[in-house]
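Residues take their numbers from the sequence shown, with the count starting at 1. On a predicted model such as this, the values are computed, not experimentally measured, just so you know. Atoms considered below: every heavy atom in the structure, side chains included; atoms not considered: hydrogens, waters and symmetry mates.
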Amino acid sequence: MAYKMYLGGVLMPITPSKVTVKINNQNKTMTLINGEEINILKAAALSAVSFELLLPQVSYPFTNGGAQSASYYISLFERLKNSKEPFQWILNRQRPAGGMFFYTNLTVGMENYELVDDAGAGFDVKVKVSLKQYRAYGTKTVKLKPAPTPAEKPKATVQPAPRPAPSAPKKSTYTVKSGDCLWNIAKKYLGDGSRYNEIYNLNKDKIKNPNLIYPNQVLTLPS
């Protein structure tokens, strides 16, 4: 029995080592030649992303004076890691003059982050971040409609699994009452009093001292 192999439309001067054929509704594997290592192509794996970043603790020209403190971003990383919810990661690659090279836009989950202590970084904090691409999944529903007559076959319809719709983060506010402090507000509305720094960082235009807040101040709360 002769076999021909085409690779990319080109006839190759070799034959496969084994061929599986169906005989009497059963698959039979026939060995043709002694084979070596084989490679079974599978579906593409999810993408992994890792990078290092600098969280500035002092003012730099590239921060435009608007950077949050390192503790704000570290708290954000911790929430993303423990929330078990996907989020969007976007990386823009631009020329110095502002023109765009290309960008990456992935739905990912926070796999891990690692703080790197480096005396050479001064007061700044270095962080290693590991992300993993997220792919929505779910269960398909099959509905079977009985056949109207015995001579006909029943009909099945498949409803695809619902996919979560992306939504923009919601911003909420809180109006300060007499006797309030940032720690208690963070404890009540964010579930963790130690996150008071996040409220302070979002409201530096209203709060000069995190220990001093006043009734009727309207504060923006983290999402």
Residue pairs meeting salt bridge (Lys or Arg N to Asp or Glu O under 4.0 Å), one or both in residues 184-195, sequence neighbours left out, come to Arg195-Glu198
Share the residues that join Leu212 in a hydrophobic cluster, the rule being Ile, Leu, Val, Met, Phe, Trp or Tyr side chains under 4.5 Å apart at the heavy-atom level.
-> Tyr214
Please list, chain by chain and in numerical order, all residues satisfying ring-ring contact (aromatic ring centres under 6.0 Å, His included) with Phe77, sequence neighbours excluded.
-> Tyr113
Qualifying residues under side-chain hydrogen bond (donor to acceptor under 3.5 Å, both in side chains), relative to Asp205, sequence neighbours excluded | none
Lys126: salt bridge (charged side-chain N to carboxylate O under 4.0 Å, His left out) partners, not counting sequence neighbours = Asp118
Using residues 174-181 as the side-chain source, report each donor-acceptor pair under 3.5 Å to any protein atom, sequence neighbours left out, with the distance given to one decimal.
from, atom 1, to, atom 2, distance (Å)
Tyr174, OH, Asp180, OD2, 2.6
Asp180, OD2, Lys177, N, 2.7

Return the set of residues passing side-chain hydrogen bond (donor to acceptor under 3.5 Å, both in side chains) with Ser47 (not counting sequence neighbours), or none when no residue passes.
-> Gln133
Are the side chains of Glu52 and Val127 in touch, meaning some heavy atoms are under 4.5 Å apart?
-> no
Is it possible for you to say whether Val125 and Leu53 belong to one hydrophobic cluster, with membership spreading through side-chain heavy-atom contacts below 4.5 Å?
-> yes
Linking I/L/V/M/F/W/Y whenever their side-chain heavy atoms sit closer than 4.5 Å, directly or via other members, would Ile74 and Val116 fall into one cluster?
-> no
Sorted by chain and number, sequence neighbours left out, side chain to side chain contact (heavy atoms under 4.5 Å, CB included) with Val49 holds for Phe51, Trp89, Leu106, Leu131
State which residues pass side chain to side chain contact (heavy atoms under 4.5 Å, CB included) with Asn211; sequence neighbours excluded, sorted by chain then number.
-> Asn209
Check the pair Glu78 / Ser75 against side-chain hydrogen bond (donor to acceptor under 3.5 Å, both in side chains), numbers first and verdict last.
-> CA-CA 5 Å; Glu78 186 68 17; Ser75 296; over 6 Å; no
same_hphob_cluster(Leu91, Met110) at 4.5 Å side-chain heavy-atom cutoff | yes
Under 3.5 Å, is there a donor-acceptor pair between the side chain of Gln57 and the main chain of Ala70?
-> yes
Without swapping roles, check the side chain of Gln217 against the backbone of Lys206 for a donor-acceptor pair under 3.5 Å.
-> yes
For Asn105, check side chain to side chain contact (heavy atoms under 4.5 Å, CB included) against everything at least two apart and list the hits.
-> Gln88, Ile90, Tyr103
Any residue meeting side-chain hydrogen bond (donor to acceptor under 3.5 Å, both in side chains) with Asp124, in chain and number order, not counting sequence neighbours = Tyr60
Using the test side-chain hydrogen bond (donor to acceptor under 3.5 Å, both in side chains), find all partners of Ser130 that sit at least two apart in sequence or belong to another chain.
-> none
List the steps, then state whether side-chain hydrogen bond (donor to acceptor under 3.5 Å, both in side chains) holds for Arg93 with Thr104.
-> CA-CA 8 Å; Arg93 299 169 179 84; Thr104 302; 2.8 Å; yes
